[in-house]
Amino acid sequence: MNTVIGCGADRLGGRLSWDERRGFVRGDRRQIQTAVLGGADSEEPLMLPLEAIELDVFRRQHEHDTYWCGLLLGGCGLQLTTKLYTDRVCHFAHHPGPDGHPHLCGRRSRGVASADHLYVQSAARSWLRERGQEAVFDFARPDGAAIGSVLDIRLKTRGLRVHLDQAVTPAWDEDGMEPVLGMSVPVDRDTLIRRWYVHRVRLDSEGTARRVRIGTEAFARPIEWFALDECEMTERGLSTPAVEQIVRSRSTRPISTWGTGRTVKAPPAQARAQTLLRRLDDARQVGSVIVVTRVRHEIAALTGVEGELKEQLSAAVADADCWLEAQERARQELFHDLEQAVAEQEADVVRPLLVRANAIASHNRTEAEMAIAGAAAACLAAQERQRQAEVAALRAAQAEARARGEAERVKELLDTLESRGLRQPRGAMRKMVKDLVYAAAGAGDGIDAQQRQQIELWKRRADGAGALAQIARQKKTPPPAREVQKRPSPVREAEMTSYLAREVQPKRTSLLHQQVGRRSWFKEPCPRCQAPKGRACFNDDDSGGRDRRPLPHEERLKLIISTRNARPIQTTRRPLSEPQPASPLWRVMDVTCPECGAVPGSSCTTPDGRPHERRATHFRRRFPSL
């Protein structure tokens with residue numbers, strides 16, 4: 001379906017510069033609840049959940065997507081990120097600017113209803129596609145109205161203008177465009193009486209989506225709401241079940257209060273003639289060949305009309321015959337163009353021609369016309385299959401690229417673990433092994449058997465390191481005091497009491513900023529707010545009323561502590577002549593043999609399976625403390 005978007009960089013007057021965007025709405029700190037997926041020009045809206053528990057699920061569903069402050073939302077076109085809070089609602093947020101200051105966007109509407117025009121466009125496109133109708137969508141901006149105030153939906157003969165707010169006054173007498181009003185748009189009583197009814201639109205939030213509902217409002221009647229699937233586009237315009245009931249009630253003759261013995265006279269021929277002429281004119285305006293043909297036969301069969309009115313009826317019949325002949329020629333040209341487009345396999349031309357043929361030439365088709373329409377439908381189906389195949393190939397290529405990236409990550413982590421050896425901090429090693437297992441799961445078949453053996457070996461080492469840490473913590477617990485027969489001296493008893501008091505008293509855990517020296521707070525860039533080295537963190541949670549935080553973010557302090565713990569510890573190697581203590585975790589077979597090339601975990605190629613001397617020497621040199 002062709003879509004004409006009435007806004008973009010050109011219709012917004014060009015993108016604003018960085019300084020203009022910063023100074024556009026200085027001090028605007030409203031929370032952003034909607035964004036678009038994929039890019040600044042995207043038409044796919046997205047609403048962020050308000051609760052933290054729902055945001056976790058939302059992040060997993062969209063872990064490979066990007067969020068943008070879309071141009072069709074009136075935004076700046078920059079990328080957004082999600083903010084999770086437990087004490088207030090979650091929301092989207094901009095990244096800090098290149099000069100380190102928080103980004104201030106000039107977007108006017110930021111709440112859950114700020115993307116309603118995109119939700120209405122998406123729902124209307126799907127609704128019309130199911131009915132085989134073609135439409136052109138335009139985010140019109142009459143009189144300089146804000147983007148999203150008006151959405152135009154143009155079909156072949158008529159269309160809809162959706163007013164989502166009061167920025168633009170509805171034009172009730174505009175030809176071919178029927179107004180559909182939002183909930184905040186007023187309508188006067190005279191308009192309701194003159195037009196019989198008006199349509200309204202509202203959007204209800206369901207999870208992270210917005211559902212469109214159409215309502216019909218009439219004078220002295222409450223608004224009746226229907227799902228979009230219950231509505232239809234007819235020759236009269238947008239129609240709902242309530243519209244059918246209103247039209248039927250006005251077209252039906254009221255119940256007579258006369259007695260049963262009195263008969264009602266039939267309408268005179270002159271009134272019947274005027275009605276037929278009016279129906280013929282309406283049918284020609286909407287292009288209904290069937291109705292024009294039927295009314296033409298009724299006019300030709302009408303009797304009892306004389307004078308000037310009879311001449312009008314004869315002229316109307318002649319005009320109807322000429323109009324029907326012109327429609328027949330247009331129908332032949334339409335199917336000729338459709339057949340030529342199918343022969344040239346031009347799917348972009350076939351689609352609108354087929355939609356037009358289904359709309360105006362779906363009755364009394366010949367066998368040739370049915371064959372042409374069937375070939376056109378087959379052409380569109382083949383194009384759709386080709387598009388789906390291209391999408392599947394693109395997704396497969398993206399999955400393969402991600403698997404290659406994870407395989408490179410596995411190789412990088414294994415090299416890092418091997419280079420740091422067994423003297424690295426236990427916590428850092430276990431975290432790195434956890435990342436290694438996650439990367440291996442994403443790599444799939446991109447890693448070989450030797451890498452899988454190394455991964456299993458490091459998993460066992462990480463589990464063993466955790467067990468040793470637990471044993472060490474248990475050994476630090478002071479043993480229970482033994483019962484003594486002889487009472488110690490008062491001085492010794494006071495010393496023991498003071499010692500036990502110091503041991504039993506729990507140690508106070510220092511805060512993160514107390515574990516790092518003040519001069520080292522800003523040695524590393526902040527991974528949360530992207531503050532550079534040597535600069536304080538940005539105040540992204542709006543606390544204290546300042547742009548900079550007095551203390552660094554916890555993520556920045558944790559990065560500094562992990563970097564400091566990951567530094568290799570300088571130890572003095574023992575001479576090879578000294579006896580080496582036995583290790584409860586590591587074995588000579590856990591290193592690669594330099595003589596026969598046996599991988600870690602496998603035996604050497606000696607007859608009795610014992611390790612080569614060079615393998616044992618390499619093990620002692622690599623792990624001098626074991």
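Residue indices begin at 1 and follow the sequence shown. Since we're looking at a predicted model, the values are computed, not measured.
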Might you work through the side-chain contact (heavy atoms from CB on, under 4.5 Å) test for Phe335 and Leu353, ending with a clear yes or no? CA-CA 8 Å; Phe335 278 97; Leu353 290 177; over 6 Å; no
Interatomic distance, Ser184 atom OG to Gln166 atom CD [nearest 0.5 angstrom]: 5.0 Å
Can you confirm whether Asp445 is buried at CG, in the sense that more than 12 heavy atoms of other residues, nucleotides or ligands lie under 6.0 Å from that atom? no
Do any side-chain atoms of residues 368-382 form donor-acceptor pairs under 3.5 angstrom with protein atoms, and if so which ones, sequence neighbours left out?
| from | atom 1 | to | atom 2 | distance (Å) |
| --- | --- | --- | --- | --- |
| Glu369 | OE1 | Arg331 | NH2 | 2.9 |
| Glu369 | OE1 | Thr366 | N | 3.2 |
| Glu369 | OE2 | Arg331 | NE | 3.3 |

How many angstroms lie between CZ in Phe219 and CZ in Arg194, if you round to the nearest 0.5 Å? 14.5 Å
Smallest heavy-atom separation, Ser42 atom then Val36 atom, equals O-CG1, 3.8 Å
For the residue pair His117 and Phe139, does the interplanar ring angle fall in the parallel (under 30°), tilted (30 to 60°) or perpendicular (over 60°) class? perpendicular
I want to check something: taking the side chain as every heavy atom from C-beta on, are Trp172 and Val187 in contact at a cut-off of under 4.5 Å? yes
Given side-chain contact (heavy atoms from CB on, under 4.5 Å), test Met47 with Arg210 step by step and report yes or no. CA-CA 8 Å; Met47 184 174 67; Arg210 301 275 284 173; 4.2 Å; yes
Who pairs with Arg211 by salt bridge (charged side-chain N to carboxylate O under 4.0 Å, His left out), at least two apart in sequence or on another chain? Glu206
Test item: Ser114 side-chain N/O and Gly111 main-chain N/O as donor-acceptor pair under 3.5 Å: yes
Name all residues meeting the salt bridge (charged side-chain N to carboxylate O under 4.0 Å, His left out) criterion together with Glu224; count only those two or more places apart in sequence or in a different chain, and write none if there are none. Arg221
Atom CD1 in Ile214, atom CD1 in Ile223: separation rounded to 0.5 Å? 12.0 Å
Can you confirm whether the side chains of Asp165 and Ser149 place a donor and an acceptor under 3.5 Å from each other? yes
For Gln388, I'd like to know if atom CD has over 12 heavy atoms of other residues, nucleotides or ligands within 6.0 Å. yes
Shortest non-hydrogen contact between Trp127 and Leu228, atoms and distance: NE1-O, 3.1 Å
Ignoring hydrogens and angles, tell me if any N or O in the side chain of Ser122 forms a donor-acceptor pair with the backbone of Leu118 under 3.5 Å. no
Taking the side chain as every heavy atom from C-beta outward, state whether Ile153 and Leu128 have any pair of such atoms under 4.5 Å apart. yes
List the atom of Glu178, the atom of Gly237, and the distance in Å for their closest heavy-atom pair. OE1-CA, 3.6 Å
Test Leu338 against Val350 for side-chain contact (heavy atoms from CB on, under 4.5 Å), laying out the working first. CA-CA 6 Å; Leu338 181 59; Val350 170; 4.1 Å; yes
With no hydrogens and no angle check, is any side-chain donor or acceptor of Gln133 less than 3.5 Å from a backbone partner on Leu155? no
Can you confirm whether more than 12 heavy atoms, excluding those of His336, are under 6.0 Å from its NE2 atom? no
In Å and rounded to the nearest 0.5 Å, what is the CZ to CG distance from Arg213 to Asp204? 6.5 Å
For residues Ala300 and Val317, report the shortest heavy-atom separation together with the two atoms involved. N-CG2, 4.3 Å
With the side chain counted from C-beta on, respond yes when Val162 and Gln121 share a heavy-atom pair under 4.5 Å apart, and no when they do not. no
Shortest non-hydrogen pair, Cys105 vs Arg110, comes out as O-NH2, 2.8 Å
Testing the 3.5 Å rule here: is there a donor-acceptor pair between the side chains of Thr34 and Arg107? yes
Between Arg409 and Ala439, which heavy-atom pair has the shortest distance, and what is it? CG-CB, 3.8 Å
Residues that Glu44 engages under salt bridge (charged side-chain N to carboxylate O under 4.0 Å, His left out), provided they are two or more places apart: none
Quick one: do Glu130 and Asp229 satisfy side-chain contact (heavy atoms from CB on, under 4.5 Å)? Show the steps, please. CA-CA 10 Å; Glu130 291 176 356; Asp229 292 337; 4.1 Å; yes
Residue pair Asp116 / Val201, side-chain heavy-atom distance below 4.5 Å: no
Side-chain donor or acceptor of Glu134 paired with backbone N/O of Lys156 under 3.5 Å: no
Contact list for residues 382-403, test salt bridge (charged side-chain N to carboxylate O under 4.0 Å, His left out), sequence neighbours left out: Glu384-Arg387, Glu400-Arg404
Short side-chain donor-acceptor distance under 3.5 Å, Glu230 and Thr240: no
First locate atom CG of Asp41, then atom CD of Glu43, and finally report the distance between them rounded to the nearest 0.5 Å. 9.0 Å
With heavy-atom distances below 4.5 Å as the criterion, would you say the side chains of Leu37 and Tyr67 are in contact? yes
I'd like to check Asp348 versus Glu346 (side-chain heavy atoms, cut-off strictly below 4.5 Å). Are they in contact? no
Main-chain N/O of Leu238 paired with His199 side-chain donor or acceptor, under 3.5 Å: yes
Would you mind reporting whether Val243 and Phe226 have side-chain heavy atoms less than 4.5 Å apart? no
Any heavy-atom pair between the side chains of Leu84 and Asp56 that's under 4.5 Å? yes
How long is the span from the CG atom in Asp321 to the OG1 atom in Thr293, to the nearest 0.5 Å? 9.5 Å
Ignoring hydrogens and angles, tell me if any N or O in the side chain of Arg200 forms a donor-acceptor pair with the backbone of Val185 under 3.5 Å. yes
Identify each donor-acceptor pair in which a side-chain atom of residues 70-83 lies under 3.5 Å from a protein atom, sequence neighbours left out, and give them as a table.
| from | atom 1 | to | atom 2 | distance (Å) |
| --- | --- | --- | --- | --- |
| Thr82 | OG1 | Arg59 | NE | 3.0 |
| Thr82 | OG1 | Arg59 | NH2 | 3.1 |
| Lys83 | NZ | Asp540 | OD2 | 3.1 |

